[in-house]
Amino acid sequence: MCTRLRAPITNTCVHTCVCPHANAPLRDAAAHPVPPRSPQALCSQPGRPKDYALPNASWSRDMLDLYDRFLAMTKEGLWKRIPSYNNVLDHIPESMKLAHEKKKDTRLFLRSIEAEGVGFEYVMFLNSSEKRVVCLFQPGSYLEGHPGFAHGGSIATIIDSTIGSCAIFVAGRVMTANLSINYMSPVPLGSVVLVDSKVDKVEGRKVFLSCKVQSVDGGTLHAEATALFIQLDATKSQKQQASCQ
Ligand SMILES: CCCCCCCCCC(=O)SCCNC(=O)CCNC(=O)[C@H](O)C(C)(C)COP(=O)(O)OP(=O)(O)OC[C@H]1O[C@@H](n2cnc3c(N)ncnc32)[C@H](O)[C@@H]1OP(=O)(O)O
C-alpha cells in the first residue's frame, strides 16, 4: 500500500462539487465522535444529481479516517475525488453520449440499494499522473455471501468498477472484455478495504489493468485481479445504436 495513505489527517472539506460547505472546517477526528453527515445535506443543489461518494452516518471510523486522508491528498493536487451518481448517464459527458442513450429509470448496479450502509458504500479517488484509481469500500450487510463476509460477486463488482473507472480515464468509453480475480482472504461485512487499481499498458484499443484489494493496515491481501478493457469502436457503436432504434 502507498505510504502516502498514512499522511496526517487535515480538517478541511475539499468536495469537488459546488458545495456551500466547501473549505469549511470539519471535525477533529481524534477528539470527537463521528457526527451524522448526509451527502444531500452537504451538497444538494437544485437540478444536480445526488452525489453518493460523500460521507454518511453509516461510514465507520476507518472509512472516515481514510476518506479524510485522501481528501488531504486532493489538496496537494495529485488525487481527485470522483463523484458517484446512481444513474450511469450522469457520469458520461454529453459529447460522449450516443443518440439513443436517454436517461431512464435505471440505476448503476452499485447504487441500486438506497438505504445507507447495507449495500456498496464506496468512494473513488483518481491519481491521473499514476493512471491509478483507489476505491475505499465498506461492504454492507446485504452483500453477504459466506456468513459474515462479502459475496465474491460484490468483490468482483467493486473491482470491475474501480478498474473500469481507471480504464475510462485513459481510454474513454470502454467495456470489460476479461476480468480475472484471485480471492485470498474473505472480506468481513462492515470492514473497510482499499481497492487499488492501475493501468499496466495500453495497446491500441486494449487497456490492461491490475488491482489489489487490501485491508486498511495493508496487512491482509484479500484479492488480486487483472483485467482487459476494450475501447469501444465508434463505428461499431453507431451500428449498435442503429439496431436499438
Ligand atoms: C463511474 C461509473 C463506473 C462505471 C464503471 C463500469 C465498469 C463496468 C464495466 C462492465 O461491467 S461492462 C459489462 C461487461 N462486459 C461486456 O458485456 C462486454 C461484452 N463484450 C463486448 O461487447 C465485446 O466483446 C467488446 C466490446 C469487449 C469487444 O468487442 P469489439 O468488437 O469492439 O472488439 P474486437 O472483437 O474488434 O477486438 C478488439 C481487440 O480486442 C481483443 N479482444 C476482444 N475481446 C477479448 C477478450 N475477451 N480477451 C482477449 N482479447 C480480446 C481482440 O482480439 C482484438 O485484438 P486485436 O486488436 O489485437 O486483434
Side-chain angles (χ1 to χ4, degrees), residues 15-17 39 43 48-54 67 70 74 79-98 100-101 103-104 106-114 119-128 131-139 143 151-181 194-213 223 225-244:
H15 301 306
T16 54
C17 57
C43 288
R48 289 172 65 91
K50 174 177 168 178
D51 182 354
Y52 289 81
L54 291 169
Y67 177 78
F70 271 89
T74 65
W79 291 87
K80 199 171 175 189
R81 189 185 68 91
I82 304 176
S84 175
Y85 309 114
N86 68 10
N87 191 302
V88 75
L89 283 181
D90 286 325
H91 290 276
I92 301 174
E94 285 303 321
S95 59
M96 289 171 71
K97 285 180 188 160
L98 304 176
H100 73 278
E101 290 180 327
K103 215 163 160 183
K104 296 183 190 134
T106 55
R107 280 196 180 202
L108 184 66
F109 180 36
L110 292 95
R111 297 298 183 195
S112 58
I113 300 173
E114 189 63 35
F120 292 87
E121 290 295 340
Y122 68 95
V123 52
M124 294 184 196
F125 291 86
L126 166 72
N127 183 319
S128 39
K131 295 183 178 147
R132 183 169 161 216
V133 169
V134 172
C135 174
L136 323 182
F137 174 44
Q138 179 186 298
L143 304 185
H151 193 289
S154 70
I155 306 290
T157 299
I158 201 75
I159 290 174
D160 191 21
S161 301
T162 305
I163 291 188
S165 298
C166 204
I168 289 168
F169 166 71
V170 294
R173 296 201 59 170
V174 292
M175 285 188 96
T176 320
N178 184 275
L179 177 61
S180 173
I181 301 174
L194 278 158
V195 186
D196 192 345
S197 70
K198 65 179 173 54
V199 173
D200 292 326
K201 63 177 175 177
V202 179
E203 287 177 359
R205 293 168 51 216
K206 294 187 277 193
V207 186
F208 296 86
L209 305 103
S210 56
C211 177
K212 283 187 195 312
V213 181
T226 55
L228 168 64
F229 278 71
I230 309 289
Q231 187 179 42
L232 297 186
D233 180 315
T235 331
K236 291 180 186 173
S237 296
Q238 292 303 321
K239 283 184 197 154
Q240 283 171 352
Q241 176 183 333
S243 68
C244 288

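Atoms within each ligand, like the ligands themselves, are counted from 1 in listed order.
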Nearest to [atom] by heavy atom, [options]: which?
{"atom": "atom 38 (C) of ligand 1", "options": "Lys206, Arg205, Glu203", "answer": "Arg205"}
{"atom": "atom 14 (C) of ligand 1", "options": "Leu228, Leu179, Thr176", "answer": "Thr176"}
{"atom": "atom 1 (C) of ligand 1", "options": "Gln231, Arg111, His91", "answer": "His91"}

Query - Val88 near ligand 1 by a heavy-atom separation under 4.0 Å - result: no
Query raised in the report: Contact between Asp160 and ligand 1, counting heavy atoms under 4.0 Å?
Result: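 In this structure, Asp160 qualifies as a contact of ligand 1 - some heavy atom is under 4.0 Å.
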Report task. Salt-bridge test for Lys198 and Asp196: reply yes if a basic N is under 4.0 Å from a carboxylate O, no otherwise. Result -> no
Query raised in the report: Charged N to carboxylate O below 4.0 Å: is that the case for Asp90 and Lys103?
Result: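 Answer for the salt bridge query: yes.
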Query - Distance-only donor-acceptor check, side chains Asp51 and Tyr85, under 3.5 Å - result: no
Query - Heteroatom proximity flag, Ala177 to ligand 1, N/O under 3.5 Å - result: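 Yes - when backbone and side-chain N and O of Ala177 are compared with those of ligand 1, one distance drops under 3.5 Å.
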Query - Contact summary for Met96 and Glu101, nearest pair of heavy atoms - result: O-OE1, 4.5 Å
Query raised in the report: Closest approach of Val123 and Arg81, non-hydrogen atoms and distance?
Result: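 Of all heavy-atom pairs spanning Val123 and Arg81, the closest is CG2-CG, 3.8 Å.
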